[in-house]
Each structure stands twice: as C-alpha cells, then as structure tokens.
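Just so we're clear, the structure is a prediction, and the values are computed from it rather than from any experiment.
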Amino acid sequence: MNIYLLSTVFCLAFVGFTIELIRRQKIAERYALLWLVLGFVMLLFSLFPNLLIRLSEAVHIFYAPSLLFLIGLLFSLVFIMHLTMVISKLHRKVTRLTQEVALLQAKRPEEDGARGYSSDRTG
C-alpha cells in the first residue's frame, strides 16, 4: 500500500466521521464545515499529488509535503483563533447570566418579605 492510497483512505474516513458527527448532532454545522473543507482539500491532494507539487512550485516551496504541513498549521491557527473567539463570547454571556441570577436572588427576599412569605422553604 503506497502513501497516496493510505492518505486517500484516511481522508475518506475523516470526511465520513465528520458527516456522522453532523448527523448525530455532536458538532454544530458551522464548525463541521471547517473540518469538511479541510478533509476535502486533503482528499484532493491525496488523489492528485501532482496538484500539490505544482502548487508548492508556484509558492516556491522546495519540498511539496512541507506545503501540506503549512496548510495544516495555518488551518490549525485559524481554527484555534475561531474557538478562542467563541469561548470568549460564551464567557461574557456566562458572566452576565451569573450577575443577573445574583441580582434576582438578592431581590427575591425583599419580594418574599413584602408578600409575607418566608424565604425559608422548609415551611
């Protein structure tokens, strides 16, 4: 088994696994789209290795597999930056939600006291 056949099989398995994760709703479609694009690009380079060689010559990279590593590295950096932005946005939402819950809990004994309810739930 040569390396091109092995990489083609791996890429097909990767794309199939990603599609299965989408189908089971384990990952959101917007994130899965990035993984599918990466899988198809890698599959394209696996099926047509001359395309990778021509592209590496066009960007003056001597060793063609280095271009593949460069593409993977750039994809990883972009994806990490995207995930950092998503986590930051979620962190701000959790902080705001926590503050709103704290304000509601602080306000609740005042409302319970005005209605004559005890804040103690035991009775």
Side-chain angles (χ1 to χ4, degrees):
M1 178 181 283
N2 66 12
I3 191 68
Y4 296 114
L5 181 61
L6 182 66
S7 63
T8 301
V9 169
F10 175 76
C11 290
L12 286 173
F14 181 78
V15 169
F17 181 69
T18 303
I19 290 172
E20 183 63 22
L21 288 177
I22 295 169
R23 194 182 69 77
R24 292 184 181 187
Q25 298 180 349
K26 296 287 185 182
I27 55 175
E29 290 85 5
R30 63 181 173 173
Y31 304 123
L33 186 63
L34 293 171
W35 290 115
L36 285 176
V37 168
L38 178 69
F40 283 120
V41 167
M42 300 304 261
L43 182 64
L44 185 71
F45 286 141
S46 297
L47 291 174
F48 307 105
N50 287 335
L51 182 66
L52 181 66
I53 293 170
R54 287 183 185 171
L55 189 61
S56 66
E57 289 173 356
V59 293
H60 302 287
I61 294 177
F62 178 72
Y63 188 56
S66 296
L67 178 63
L68 210 54
F69 286 117
L70 179 65
I71 291 171
L73 178 67
L74 292 177
F75 174 81
S76 298
L77 289 175
V78 169
F79 199 68
I80 288 169
M81 180 59 73
H82 176 73
L83 289 179
T84 301
M85 290 171 37
V86 169
I87 288 171
S88 297
K89 186 177 177 181
L90 287 175
H91 185 268
R92 282 192 299 270
K93 284 183 177 181
V94 167
T95 300
R96 183 173 174 93
L97 188 63
T98 303
Q99 291 171 344
E100 287 179 6
V101 167
L103 287 174
L104 287 174
Q105 285 179 345
K107 198 179 204 182
R108 189 170 181 182
E110 295 171 5
E111 292 178 359
D112 288 344
R115 293 181 186 158
Y117 298 131
S118 170
S119 63
D120 185 21
R121 298 263 177 195
T122 58

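- Considering all non-hydrogen atoms of both residues, Leu55 and Phe45 come closest at CD2-CZ, 3.8 Å.
- In terms of hydrophobic clustering, with Ile, Leu, Val, Met, Phe, Trp and Tyr side chains grouped at heavy-atom distances under 4.5 Å, Leu44 and Phe40 are assigned to a common cluster.
- Note on Leu38: it clusters hydrophobically with Leu12, by side-chain heavy-atom contacts below 4.5 Å among ILVMFWY residues.
- Cys11 and Gly39 make their closest contact through CB-O, 4.2 Å (heavy atoms, listed as atom of the first residue, atom of the second, distance).
- With hydrophobic clusters built from ILVMFWY side chains whose heavy atoms lie under 4.5 angstrom apart, Val78 does not share a cluster with Phe69.
- The side-chain heavy atoms of Val86 and Tyr31, taken from C-beta on, include a pair separated by under 4.5 Å.
- The two residues Pro49 and Tyr4 have their closest heavy-atom pair at CB-CE2, 3.3 Å.
- In the hydrophobic cluster analysis, where Ile, Leu, Val, Met, Phe, Trp and Tyr join through side-chain heavy atoms closer than 4.5 angstrom, Leu74 is grouped together with Phe14.
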Query raised in the report: Between Thr98 and Val101, is a side chain to side chain contact (heavy atoms under 4.5 Å, CB included) present by the stated rule, with each step listed?
Result: CA-CA 5 Å; Thr98 303; Val101 167; 5.9 Å; no
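- Looking at every heavy atom in both residues, Ile61 comes nearest to Ser66 through CG2-CB, 4.0 Å.
- Between Ser7 atom OG and Leu5 atom CG the span is 8.0 Å, to the nearest 0.5 Å.
- Listed by chain and number, the hydrophobic cluster partners of Met85 are Met81, where partners are ILVMFWY side chains within reach of under 4.5 Å, directly or through others.
- One hydrophobic cluster, built from ILVMFWY side chains closer than 4.5 Å, holds both Val59 and Leu52.
- Scanning all heavy atoms of the two residues, the minimum distance from Thr18 to Ala32 falls at CG2-O, 4.0 Å.
- Between the CG atom in Leu47 and the OG1 atom in Thr8 there is a gap of 4.5 Å [rounded to 0.5 Å].
- For Glu100, the CD atom is densely surrounded, since the number of other residues' heavy atoms within 6.0 Å is greater than 12.
- Here the side chains of Leu36 and Ile22 are in contact, with some heavy-atom distance below 4.5 Å.
- Nearest heavy-atom pair across Ser56 and Leu67 is N-CD2, 3.6 Å.
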Query raised in the report: Hey, mind stepping through Met42 and Val15 against side chain to side chain contact (heavy atoms under 4.5 Å, CB included) and telling me if it holds?
Result: CA-CA 10 Å; Met42 300 304 261; Val15 169; over 6 Å; no
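- A ring-centre distance under 6.0 Å is not found for Trp35 and Phe17.
- Expressed to the nearest 0.5 Å, how far CG of Leu83 lies from CG of Leu90 amounts to 10.5 Å.
- The CG atom of Leu34 sits 12.5 Å away from atom CD of Glu29, with the distance rounded to the nearest 0.5 Å.
- The aromatic rings of Phe79 and His82 sit tilted relative to each other, their planes meeting at an angle between 30° and 60°.
- Looking at Glu57 and Arg54, no side-chain N of the basic residue comes within less than 4.0 Å of a carboxylate O on the acidic one, giving no salt bridge.
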